[in-house]
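Convention: sequence-line order gives letters A, B, ...; per-chain numbering from 1.
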Amino acid sequence: MADVLLKNISKSYDGKTNVVESVSFEFKDKEFVVLVGPSGCGKSTVLRMIAGLEEITGGDLLIDNKRVNDLLPKDRDIAMVFQNYALYPHMTVYQNMAFGLKLKKMSRKEIDQRVQKAAAILDIIPLLDRRPKAMSGGQRQRVAIGRAIVRNPKVFLFDEPLSNLDAKLRVQMRVELQKLHKKLQATIIYVTHDQTEAMTLGDRIIVLKDGIVMQIGSPMKLYNQPDNIFVAGFIGSPPVNFIPGMIKRTDTLNFIHESTGFNVNLSDIPNKAIAGFEDKKVILGIRPEDIYSKPQINSGPFAKLSTTCIAIEQMGSEMLVYAALDEKQIIARFSPESKIEMGKRVDLFVDTGRVHFFDPETESVIR
Amino acid sequence: MSIIKKTILYILLTVAALSFIYPFFWMIMASLSPEAEIGSLVFFPSRITFSNYISMVSKIPIGRALFNSLLVSGINTGVALVFSSMVGYALSRMEFKGRNLIFMIIIFTMTLPFQITLIPNYIIMVKLRWVDSYLSLTVPFLINTFGILMFRQAFKGLPQALIDAARIDGCGDLRIIFTILWPNIKPTIVTVGILAFMGSWNEVLWPLIVIRDEQLMTLPQLVTLFAVGGRAESQIGVKLASAVFLATPIIVAYLFFQKHFIQSMASTGLKE
């Protein structure tokens with residue numbers, strides 16, 4: 001297993017605009033790193049460049065301290081699992097898994113050992129004689145992972161491997177992937193557009209947007225300390241609520257949302273940088289679960305926001321309350337027993353210890 | 001469908017089929033008739049005779065011509081399949097400057113009738129000193145524009161990930177084409193193969209121009225020269241015998257491949 005290092009990697013198809021803009025990051029040995037972002041953000045391109053399926057326009061790619069920019073995919077010691085499985089339709093499962101090893105001129109005995117071992121790990125021994133056509137999506141995905149495992153590569157690359165599976169199977173495979181990572185002790189680079197997959201699977205997450213790295217960090221760091229509006233709005237479901245307003249000084253420094261009169265007293269907040277935004281516009285960010293139906297004893301202080309409830313989603317374990325805020329809405333996550341009625345007034349208590357502030361011009365966090 | 005409608009349909013189809021089969025059947029029977037009986041256009045001769053075939057074999061080197069035709073058509077078909085799929089792959093899956101221009105030029109050459117390029121091609125053959133050699137019968141047909149078009153479309157219909165996976169497994173482009181992609185486009189291969197084989201087998205004009213040595217002549221060329229060239233001595237039976245001999249391999253091939261052929265004609269352009 002190995003370290004993978006990207007140094008100022010960029011990619012351009014037409015020589016003018018970069019689809020990936022000078023990204024640098026390191027994947028440590030045995031780490032499970034998720035590259036996440038909306039479609040078209042360049043995450044798959046990054047993965048394909050690591051795999052050697054796309055040429056690298058600029059920068060250096062190092063696997064185990066060796067520059068591999070100009071190596072063929074087969075010489076990079078990587079394995080890749082594709083979204084649509086990409087199994088060879090004319091080969092059986094066994095042949096699919098053995099194909100790459102055969103090309104490496106490995107002995108039959110060793111190939112057989114490796115295939116049987118991988119098949120045992122993935123529980124697909126009964127499928128070895130079947131062709132891909134005769135299998136379900138979940139089974140095919142297992143075989144695709146098996147084909148990667150038999151290569152015993154330094155790095156596993158996963159390109160949205162769960163996107164073609166139905167929701168239930170996806171949850172199941174997510175858990176299995178975690179187990180697999182533990183078992184294989186492998187470096188895994190995983191691309192997805194699904195923030196849930198990113199949160200649940202990654203040791204670290206890299207958020208990309210328009211070919212630029214927005215933030216790198218552990219799932220909880222991204223969740224609790226987003227660097228910018230994009231990450232705050234992307235990670236978490238439902239995402240962070242954004243409330244635009246002004247920083248004003250009366251007796252103390254306050255955040256004020258004009259139309260509702262929502263007022264957050266900033267003197268209790270440890271964020272000192274916010275003082276520099278006096279009389280300037282800022283955006284307040286607050287997670288749905290940090291908004292309560294009444295003040296809590298153990299946290300706070302709380303700022304009250306009075307508005308109208310426009311929709312309720314009862315999830316059983318929780319209740320999502322949609323409240324009007326100017327033309328937009330904010331979402332609060334209440335306990336399912338909360339007495340809230342649609343169309344009526346609702347008081348939202350925002351935990352001011354949990355708010356983030358963002359600069360509307362740079363979209364970066366103020367901290 | 002009502003029974004009446006079905007009956008009418010079957011009658012129409014039977015008539016159509018018979019009208020196609022009749023001349024062919026007559027040709028076979030007539031070639032087996034004594035020469036004197038052919039003129040009366042009877043269906044079943046009074047006795048079956050192989051004299052027409054014996055006479056044909058003694059008059060022209062038909063065995064050698066059959067060998068030549070099989071050799072030439074075999075080479076042309078086999079090599080055209082390989083080359084056309086290579087070009088089709090490049091045009092559908094490789095990125096390079098001028099790719100679309102090259103493809104347009106290839107399509108454009110399809111619109112040129114063979115007759116227009118006949119003289120220039122002949123001059124090239126003369127300059128290369130390939131007249132009266134197998135080279136003139138094969139080399140100009142080793143690339144098949146129709147095949148390129150078919151392979152390009154077929155390759156376009158396969159997912160890119162299949163190629164990516166093969167690349168990671170360690171395949172080069174040639175192995176990708178022939179071990180990964182080919183098994184997944186069998187209908188296209190059969191279609192292109194049959195059409196290339198038939199085209200090469202039935203070619204008369206070109207061999208007539210570039211081959212004069214009887215030992216190198218293809219079957220259709222020899223049969224044509226035999227039938228219209230006076231060497232059959234106006235014996236219809238012998239001419240018909242040579243025509244049967246000419247048609248048989250294609251019919252056998254068609255019967256053998258017809259399932260694939262119809263299937264591929266029905267499914268080309270559709271991906272799973």
Side-chain angles (χ1 to χ4, degrees), chain A residues 13-15 44 47-55 71-92 95-106 111 131-133 140-141 143-145 147-148 150-151 153 155-161 163-164, chain B residues 81-82 85 88-101 150-151 153-193 259-260 263-264 267-272:
Chain A
Y13 288 103
D14 55 5
S44 281
L47 196 75
R48 293 173 62 81
M49 283 195 284
I50 297 172
L53 297 170
E54 299 269 0
E55 225 171 282
L71 287 189
L72 289 172
K74 69 179 168 99
D75 300 324
R76 295 189 182 192
D77 213 350
I78 47 111
M80 189 157 168
V81 178
F82 296 87
Q83 180 178 352
N84 54 4
Y85 327 126
L87 298 175
Y88 309 125
H90 57 293
M91 296 184 193
T92 63
Q95 289 166 334
N96 261 288
M97 289 165 75
F99 185 68
L101 306 181
K102 246 190 225 166
L103 291 187
K104 278 188 178 169
K105 306 235 164 13
M106 208 171 266
I111 292 177
R131 279 177 207 274
K133 234 186 199 172
R140 286 183 210 184
Q141 194 52 280
V143 175
I145 294 170
R147 185 168 64 177
V150 291
R151 296 173 61 86
V155 185
F156 284 89
L157 307 174
F158 285 84
D159 191 3
E160 309 221 9
S163 301
N164 280 12
Chain B
L81 280 176
V82 171
S85 48
Y89 175 80
L91 290 174
S92 64
R93 292 293 175 181
M94 293 174 130
E95 299 282 340
F96 54 91
K97 263 194 186 148
R99 185 176 77 167
N100 289 336
L101 181 71
M150 292 284 286
F151 277 115
Q153 293 315 112
F155 289 148
K156 272 193 171 229
L158 295 173
Q160 175 65 33
L162 203 59
I163 296 170
D164 292 339
R167 227 177 261 290
I168 287 174
D169 268 340
C171 292
D173 286 316
L174 289 178
R175 205 191 286 268
I176 288 175
I177 297 174
F178 298 113
T179 63
I180 303 296
L181 302 184
W182 260 34
N184 293 302
I185 54 159
K186 277 186 197 147
T188 304
I189 297 172
V190 172
T191 309
V192 174
K259 199 183 111 201
H260 287 286
Q263 199 178 19
S264 66
S267 69
T268 359
L270 292 175
K271 57 182 168 179
E272 231 175 285

* **Side chain A:Arg151, main chain B:Ile168, donor-acceptor under 3.5 Å** => yes
* Using modelled atom types only, decide if a donor and an acceptor are shared between the side chain of A:Tyr88 and the backbone of B:Ala166 within a distance under 3.5 Å. => yes
Shortest non-hydrogen contact from [X] to [Y]?
X: A:Pro73; Y: B:Arg167; result: CB-O, 3.9 Å
X: A:Phe99; Y: B:Cys171; result: CE2-SG, 3.4 Å
X: A:Leu87; Y: B:Leu162; result: O-CD1, 3.3 Å
X: B:Asn184; Y: A:His90; result: ND2-ND1, 3.3 Å
X: B:Ala161; Y: A:Phe82; result: CB-CD2, 3.9 Å
X: A:Met91; Y: B:Ile180; result: CE-CD1, 4.1 Å

* **Cationic N near anionic O, under 4.0 Å, A:Lys102 to B:Asp169** => no
* Answer yes or no: does atom CZ of B:Arg175 have more than 12 heavy-atom neighbours from other residues, nucleotides or ligands under 6.0 Å? => no
* Please say whether more than 12 non-hydrogen atoms of neighbouring residues, nucleotides or ligands are located less than 6.0 Å from CD in B:Gln160. => yes
* **Heavy-atom proximity to chain B below 4.5 Å, by part of A:Arg48** => side chain
* To do: Heavy-atom distances under 4.5 Å only: say whether A:Leu72 touches chain B with side chain, backbone, both or neither.
  => neither
